[in-house]
Structures are given as structure tokens and as C-alpha cells.
Number of protein chains: 2
Amino acid sequence: MNNNQTTKEKLIKAGCAIFAEKGYRDATISEICELAEANIAAINYHFGDKESLYDEVWRHAFSITSSTYPIDRSLPEAPELKDYIYSYAFAIIHRIFCEEEAGLFPKLLHQEMSRPTLALDRIAQEVLFPQSQFLGKVVRASLEQKIPEERIRLCMHSIIGQCAFFNFSRPLRERVIGKKTMSEEEKEQLARHIASFSMGGLGATQQEYTS
Amino acid sequence: MNNNQTTKEKLIKAGCAIFAEKGYRDATISEICELAEANIAAINYHFGDKESLYDEVWRHAFSITSSTYPIDRSLPEAPELKDYIYSYAFAIIHRIFCEEEAGLFPKLLHQEMSRPTLALDRIAQEVLFPQSQFLGKVVRASLEQKIPEERIRLCMHSIIGQCAFFNFSRPLRERVIGKKTMSEEEKEQLARHIASFSMGGLGATQQEYTS
DNA sequence: GAACAATTCAAATAACTGTTTGAAATATGA
DNA sequence: TCATATTTCAAACAGTTATTTGAATTGTTC
């Protein structure tokens with residue numbers, strides 16, 4: 001081969017970009033092949049069909065984003081609850097506002113949430129649930145007893161929701177603020193806010209059950 | 001006409017349902033007309049083209065949802081901050097989990113967020129920004145001075161995010177919990193949690209600037 | 001360099017898309 | 001009832017889709 005990337009690799013990368021932008025159905029084999037500088041028949045030759053490429057794209061996107069922005073990277077020596085939440089928010093916010101390949105995973109997820117495909121069941125099982133268990137353990141361990149499991153779930157949703165909102169409201173953000181990018185300082189400030197706000201929220205929830 | 005609904009009205013209602021489920025691009029004129037029990041050419045006759053029907057659908061959906069679940073309905077006599085937040089969360093949660101026609105607006109919004117069309121600019125201007133100003137005024141009035149405007153925005157996003165998350169994560173929720181519905185009691189409990197959690201979060205934010 | 005496998009390519013296929021057309025059917029008003 | 005306007009309809013149009021095909025090209029191995 002004359003290039004350092006195989007056609008198969010180029011197709012996966014191009015598929016990531018196109019699927020993330022348009023979702024499974026609106027992404028066409030034609031434009032993916034064009035972006036990958038491959039022939040129109042390349043996908044069917046290398047992957048069998050569009051759906052199998054989509055599976056490969058998901059695996060690739062998750063692999064990149066979870067290694068680039070792991071959710072427990074920036075933890076100090078003896079982490080407290082707030083450190084855990086900050087670490088989680090830091091990773092999610094960075095994934096969302098990443099403009100490199102590592103940023104495509106949240107975009108793929110957004111597409112899948114609005115137009116689910118058969119791939120969603122596998123993704124939920126293999127990727128999303130395990131990831132949310134990080135937060136679950138942390139929140140559950142930090143709250144004192146007597147708080148019903150259902151309420152713990154709601155607290156998790158409050159924290160996840162604050163982060164995920166920036167993924168799902170992206171088009172609005174781009175229409176209010178001119179640019180779609182976010183500086184490193186802004187990302188850290190946002191993660192700090194979410195950690196602080198959530199700490200207050202957890203405290204208020206706790207207090208409901210101790211008074 | 002033999003029916004109590006005109007073809008035009010039936011097309012708008014069918015368009016609401018199909019566009020909300022599949023988004024603008026994946027919704028086909030053919031299936032909308034089939035659901036409306038109209039001929040394939042009916043949309044082009046009554047609206048000119050698909051895009052103009054989409055505009056009408058948005059107006060209809062917003063009209064229904066905003067009159068069925070206004071964001072300041074359940075306010076007590078002398079409302080406090082928590083009452084305002086509860087009222088906001090109550091309305092948004094009910095809109096999201098409504099299975100009638102009033103529930104189609106959040107679904108349309110979800111589709112538009114993942115695959116924006118030309119309609120989004122108008123919707124953002126006419127509908128979304130005015131609606132978020134309700135929260136903005138409330139939060140801004142409740143927090144004491146010296147809190148930078150940027151931080152107030154983040155607090156608003158924290159509250160909105162907690163609510164909107166349930167719109168965008170719907171497919172996951174349906175895969176964890178068996179059913180997509182939510183009882184009235186659960187909705188109120190969720191709104192109470194968000195109000196309580198957010199009060200704690202606002203308090204924690206406030207405290208950062210008073211210490 | 002020859003023999004073979006792997007890959008790329010342009011063209012064709014069948015199915016679907018939004019839209020247009022002109023005739024048929026229905027409703028309206030005198 | 002008749003003339004007119006409105007609405008419905010099946011058929012056709014041009015464009016796009018994912019996939020298939022078989023030949024041409026490239027790479028690999030002996």
C-alpha cells in the first residue's frame with residue numbers, strides 16, 4: 001500500500017466523522033467513501049454492509065475517547081467526594097468539547113439517542129452502564145444511610161444531567177456564543193462549578209433525611 | 001367534508017408525530033400522508049413543500065405544550081425561589097413524559113438538536129430563549145451580589161440540564177426501566193428532587209462568594 | 001518473472017425520495 | 001341544476017440510496 005493508513009482504517013475514521021455528524025441513517029456510504037478517498041464499493045468489500053461499519057466505528061470511537069479522557073484520571077492522593085465528581089465532570093466536559101477524534105463519541109451518542117439503532121442495546125450494556133457505575137459507587141458511598149436507592153439514582157441523574165446537557169444543547173450553544181470551542185480554562189471552570197453545585201445538591205438531599 | 005378534522009389539520013398532527021419520532025430528514029411525506037389518511041400529494045397541495053409543513057408542525061406543537069404545561073402554573077401565593085424552580089421542573093418534566101400530543105414538543109426539540117435544520121434559528125429565538133429567561137430572572141434575583149454573570153449562567157445550565165437530561169436520555173431509560181411512562185407521583189417527586197438539589201447547589205455557589 | 005490472492009474501480013440494479021402533473025371527484029354558490 | 005372553485009388522486013419524474021457485479025489493477029509469494 002502506498003499510504004500509511006489502510007483503506008479500512010480510513011473508512012472507519014471517515015465513518016466516525018460522518019456518522020457523528022449525521023447519524024446512522026442520514027450518513028451515506030457515498031460521502032463516507034469520498035471522505036476516505038475510497039471507492040463507493042469499499043465499505044461493502046471491507047465490512048460487508050453499512051451496519052457492520054457502524055459497529056466498528058462505535059468500537060473505535062469509544063476506544064479513543066475513553067483512553068484520551070478516562071473518568072478517573074485527575075484524582076489526587078486521598079480523593080474526597082468532590083474530587084470524584086470533579087474528575088467525572090472534567091472527563092465528560094472534555095470529551096464533549098474535544099474537537100479531535102476523541103470528541104466524536106459524545107456526538108455519536110447524541111445521534112443514537114435521537115434515532116436509536118440496533119447498536120444501542122450493545123452500547124448501553126458494554127459502555128454506558130459500566131461508566132455510570134463509577135458515579136453510582138461514589139455517590140452511594142458518600143451519602144449516609146437511610147437514603148432510599150431511588151433518591152440516589154436521582155442524585156446521579158442530577159450530576160450526569162449537568163454534564164450531558166452540554167452535549168445535547170450544542171447547537172443552541174453555537175447559536176448563542178459565536179464559537180463552538182471552549183478554552184481549557186473554561187472547561188476546568190465548568191467542571192469545578194458542576195462539582196461544587198453537585199456537592200451542595202447532595203448536601204441538601206442528605207439533609208432531608210437527617211432532620 | 002365528511003370528517004370533523006380537515007385534511008390540513010390531520011396532516012399537521014400526523015406530521016407532529018412522525019417528525020418527532022424520526023426528525024425532519026428521515027420522516028417521509030409518504031408515511032405522514034398515510035398516517036393522516038391523505039393522498040401522497042396532499043402536503044404539497046396544502047403547504048407547498050415538506051419544509052413549510054415542518055414550520056406549521058413546530059408552531060402547533062409549541063402551542064399545545066406551552067398551554068398544557070406552562071412553566072409558571074403551579075406557583076403558590078408568595079412564591080419563594082424553591083417554588084419557582086419546582087414550577088419550572090414540574091412543567092419540563094411533565095412535557096417530557098407526556099404521552100399525548102403535548103409531549104411531542106420535547107421530542108421535536110431533541111431531533112432538532114441532533115440534526116439541526118433551518119427552523120432551529122427561529123425556534124431558538126422565538127421559543128427557547130424567552131423560556132429560559134424565566135429561570136434566568138429567578139436565579140439572578142435570588143442570588144446576592146458579586147456573583148459574576150458567567151457563574152449565574154452555569155447555575156441556570158445546572159438546573160436546565162437536570163430537567164433536559166430526561167428528554168435526551170429517553171432511549172436509555174426505556175432500556176433500563178421496562179416502561180417509558182412515569183406516574184404523576186413520580187413526576188412530582190422528580191420535580192421536588194430537582195428543586196431541592198438545585199437549592200443546595202445554588203447555596204453552595206453563593207457560599208463560594210461570601211466566605 | 002510467473003501465478004495467485006487481495007483490492008480497487010466504474011457501471012448497473014432495484015428501491016426509495018420529494019415533487020409535479022393533469023384528470024377525476026367533491027364542495028360551493030347562484 | 002348548473003357553473004365554478006376546491007380538493008383528491010394515481011401516475012410519472014428526476015434524483016438519491018445501499019448493494020452487487022465483473023473486470024481491471026495492485027500486492028504477495030514462490
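First the proteins, then the strands, lettered A, B, ... as listed; each starts at 1.
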Peer 1: For the residue pair A:Phe166 and B:His157, does the interplanar ring angle fall in the parallel (under 30°), tilted (30 to 60°) or perpendicular (over 60°) class?
Peer 2: perpendicular

Peer 1: Below 4.5 Å, heavy atoms only, C-beta onward: do B:His60 and B:Glu9 meet side chain to side chain?
Peer 2: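 Counting from C-beta outward, B:His60 and B:Glu9 never come under 4.5 Å.
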
Peer 1: Could you state the NZ-P distance from B:Lys10 to D:dT7, rounded to the nearest angstrom?
Peer 2: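 Roughly 14 Å, once rounded to whole Å.
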
Peer 1: Would you give a per-nucleotide map of nucleotides 14-19 of chain C, 5' to 3', where B means the base has a protein non-hydrogen atom under 4.0 Å away, S means only the sugar-phosphate does, and - means neither?
Peer 2: ---SSS

Peer 1: Would you kindly give the CG-to-C1' distance between A:Leu53 and D:dA18, to the nearest whole Å?
Peer 2: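 A:Leu53 atom CG is separated from D:dA18 atom C1' by 13 Å.
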
Peer 1: Answer yes or no: does a side-chain N or O of A:Asn39 lie under 4.0 Å from OP1 or OP2 of C:dT7?
Peer 2: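 False: A:Asn39 side-chain N/O out of range (4.0 Å or more) of C:dT7 OP1/OP2.
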
Peer 1: Please state how far atom OH in B:Tyr45 lies from atom C1' in C:dA27, giving the value in whole angstrom units.
Peer 2: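 Atom-to-atom, B:Tyr45 to C:dA27, this comes out as 11 Å.
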
Peer 1: Just wondering, more than 12 heavy atoms not from A:Glu100 lying within 6.0 Å of its CD?
Peer 2: no

Peer 1: For the pair A:Glu31 and A:Lys22, find out whether any cationic side-chain nitrogen is under 4.0 Å from an anionic carboxylate oxygen.
Peer 2: yes

Peer 1: Would you say B:His46 places a side-chain N or O within less than 4.0 Å of OP1 or OP2 belonging to D:dT6?
Peer 2: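 Looking at the OP1 and OP2 atoms of D:dT6, neither is under 4.0 Å from any side-chain N or O of B:His46.
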
Peer 1: In whole angstroms, how far is the P atom of D:dT7 from the CD atom of B:Glu37?
Peer 2: 19 Å

Peer 1: Does B:Arg59, at its CZ atom, have more than 12 non-hydrogen atoms belonging to other residues, nucleotides or ligands within less than 6.0 Å?
Peer 2: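 Enclosed: over 12 neighbouring heavy atoms sit under 6.0 Å from CZ of B:Arg59.
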
Peer 1: Please give, in whole Å, the distance from D:dA18 P to A:Ile18 CD1?
Peer 2: 12 Å

Peer 1: Look at the rings of B:Trp58 and B:Tyr54 and say which category their plane angle falls in: under 30° parallel, 30 to 60° tilted, over 60° perpendicular.
Peer 2: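 Rings of B:Trp58 and B:Tyr54: perpendicular, over 60°.
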
